[in-house]
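Right, one structure below, let's go through it.
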Amino acid sequence: MLIGFAVPGAGAWATPQNQAAVAGRGEELGYHAVWTLQRVLNPAGSDDTTYRGVPDPLVTLAYLAGRTERIRLGVAVVNLPFYAPAVLAKQAATLDRVSGGRLDLGLGLGWMPEEFAAAGAPMERRGARAEEFLAVLRALWSGGAAEFHGEFYDFPPVVMEPPPVQSPLPVLLGGASEGALRRAGRLAGGWVSSSRADPAAIGRSIGVVRDAAERAGRDVSALRFVCRAAVRIRPGGASGAERRPLTGSFEEVRGDLEALAGQGVTEVFVDLNFDREITGPDADPDASMDRAMAALDAFAPR
């Protein structure tokens, strides 16, 4: 199972300097990838501080591409409805080129009504729109002439140049519903879990994706299953039956990560951005970075 790490992506610690420091140290330690996340905006007056201060993930990855050489660069996830397909296709192709073919593009459908309203995007029939969106991306990334005539997207023969370095560019789909999981199995290079996924039940979701891929006649062995591990380090926290998965000491969490491989996870990345002690309004950015650097060392690939 490959190991990755999320760069600072929310809260006061999510600065370019801290992101570059985590990515650079991750590369030194042999991590497979660093990951970002997306939140365009938040409803005013909300008490939910989980996604406050989130930089744009693709711009962040472009910056990190210039600060690293080998480590892969992932986003989990960019929400398709907020983009025109050609615009996202161009951004992703360019990012893949400036990184030398290191992009892992995670895509999702979004869920927050305020974001859809601000983006001018409809929430209805997101799944059907996503299927066409994926087809348009692949057509535009082909490097040759492409045209598309669908229910939601329609354009004459066009050419988008230059294409991505990777062919095909890796596309992972997020989502937890039955429909989203089956869509990933039918259409994507794999599936990426959300921060709310139950680590003890992730194998069931993987099974749904695999079943859909088999029914579609695809090579199941080629699929990637990426787990976002929303880790909370608590050296003096609860243990035993009272301990939540991915919460506890470095040793306890390491055991939780290793257990994911037995459920079919092929890649996991440690993400501290969902820990209020790291990203909350009262968190000290310097202390958050100290804890992140300690976690980088503790979970480094062996």
Side-chain angles (χ1 to χ4, degrees), residues 1-11 14 33-42 46 48-52 54-58 60-61 74-82 104-116 123 126-127 130 133-134 170-185 187-210 212 223-232 244-247 253 256-257 259-261 263-276 278-279:
M1 185 174 66
L2 300 171
I3 308 296
F5 205 94
V7 300
V34 287
W35 292 82
T36 56
L37 56 86
Q38 183 186 59
R39 173 62 65 232
V40 177
L41 46 77
N42 294 282
S46 173
D48 185 357
T49 61
T50 304
Y51 292 106
R52 297 293 179 181
V54 177
D56 181 85
L58 299 183
T60 297
L61 291 181
V75 54
V77 292
V78 164
N79 290 312
L80 296 178
F82 306 155
D104 285 321
L105 183 62
L107 301 175
L109 301 187
W111 56 270
M112 184 184 289
E114 291 84 356
E115 276 191 309
F116 278 83
M123 293 191 71
R126 283 170 290 168
F133 200 118
L134 291 171
V171 172
L172 307 169
L173 290 183
S177 69
E178 190 90 2
L181 295 171
R182 295 198 171 277
R183 187 179 302 112
L187 301 175
W191 173 70
V192 57
S193 69
S194 76
S195 62
R196 294 182 295 248
D198 180 0
I202 201 167
R204 179 198 170 277
S205 296
I206 290 174
V208 175
V209 177
R210 291 175 61 89
L223 294 180
R224 297 165 58 186
F225 296 99
V226 183
C227 175
R228 164 178 262 129
V231 167
R232 296 170 176 83
R244 295 171 54 191
L246 301 177
T247 298
V253 172
D256 294 334
L257 297 177
L260 291 169
Q263 296 191 65
V265 172
T266 61
E267 304 170 42
V268 63
F269 66 95
V270 174
D271 195 341
L272 305 181
N273 287 293
F274 297 89
D275 182 354
R276 287 181 59 85
I278 300 290
T279 64

- prompt: Got Leu272 and Phe5 here, is their nearest side-chain heavy-atom distance under 4.5 Å?
  reply: yes
- line: Taking every heavy atom of Val171 against every heavy atom of Ala188, the minimum-distance pair comes out as O-CB, 3.6 Å
- prompt: Distance from Leu223 atom CG to Arg210 atom CZ, nearest 0.5 Å?
  reply: 7.5 Å
task: Can you sort out the partners of Arg182 under salt bridge (charged side-chain N to carboxylate O under 4.0 Å, His left out), two or more places apart, ordered by chain and number?
output: Glu178, Asp211
query: What residues, two or more places apart in sequence or in another chain, satisfy side chain to side chain contact (heavy atoms under 4.5 Å, CB included) together with Arg224?
result: Asp104, Pro170, Leu172, Thr266, Glu267
- request: Quick one: closest heavy-atom pair of Thr36 and Pro57, and the distance?
  value: OG1-CB, 3.4 Å
query: Looking at residues at least two apart in the chain, or sitting in another chain, which of them share a salt bridge (charged side-chain N to carboxylate O under 4.0 Å, His left out) with Arg183?
result: Glu131
- prompt: Which residue pairs pass the salt bridge (Lys or Arg N to Asp or Glu O under 4.0 Å) test when at least one of the two sits in residues 187-199, sequence neighbours left out?
  reply: none
field: Smallest separation among heavy atoms of Asp256 and Thr247, with atom names
entry: OD2-N, 4.3 Å
message: Given Val192, which partner from the list Val77, Leu173, Val75, Leu107 fulfils the side-chain contact (heavy atoms from CB on, under 4.5 Å) test?
response: Val77
- prompt: Looking at Leu41 and Met112, what are the two nearest heavy atoms and their distance?
  reply: O-SD, 3.8 Å
- prompt: Can you tell me how far the CD atom of Gln38 sits from the CG atom of Asp56, to the nearest 0.5 Å?
  reply: 7.0 Å
- request: For Ile202, check side chain to side chain contact (heavy atoms under 4.5 Å, CB included) against everything at least two apart and list the hits.
  value: Trp191, Ser193, Cys227, Leu260, Gln263, Val265
Separation between CG of Leu80 and CZ of Arg126, rounded to the nearest 0.5 Å: 11.5 Å
statement: Nearest heavy-atom contact between Ala180 and Gly175 is CB-CA, 3.8 Å
- request: Name all residues meeting the side chain to side chain contact (heavy atoms under 4.5 Å, CB included) criterion together with Thr279; count only those two or more places apart in sequence or in a different chain, and write none if there are none.
  value: Trp13, Asn273
query: Where do Leu257 and Leu246 land on the side chain to side chain contact (heavy atoms under 4.5 Å, CB included) test, with the steps shown first?
result: CA-CA 8 Å; Leu257 297 177; Leu246 301 177; 3.8 Å; yes
message: If you define the side chain from C-beta out and look only at heavy atoms, does anything of Ile3 sit under 4.5 Å from Val268?
response: yes
- line: Closest non-hydrogen atoms of Thr60 and Pro55, given as atom of the first, atom of the second and distance, are OG1-CB, 3.8 Å
- prompt: Should Arg39 and Glu115 count as side-chain neighbours, where that means a heavy-atom distance under 4.5 Å?
  reply: yes
query: Are side-chain N/O atoms of Thr50 and Asp48 paired as donor and acceptor at under 3.5 Å?
result: yes
Geometric class of the Phe274/Tyr51 ring pair [parallel <30°, tilted 30-60°, perpendicular >60°]: perpendicular
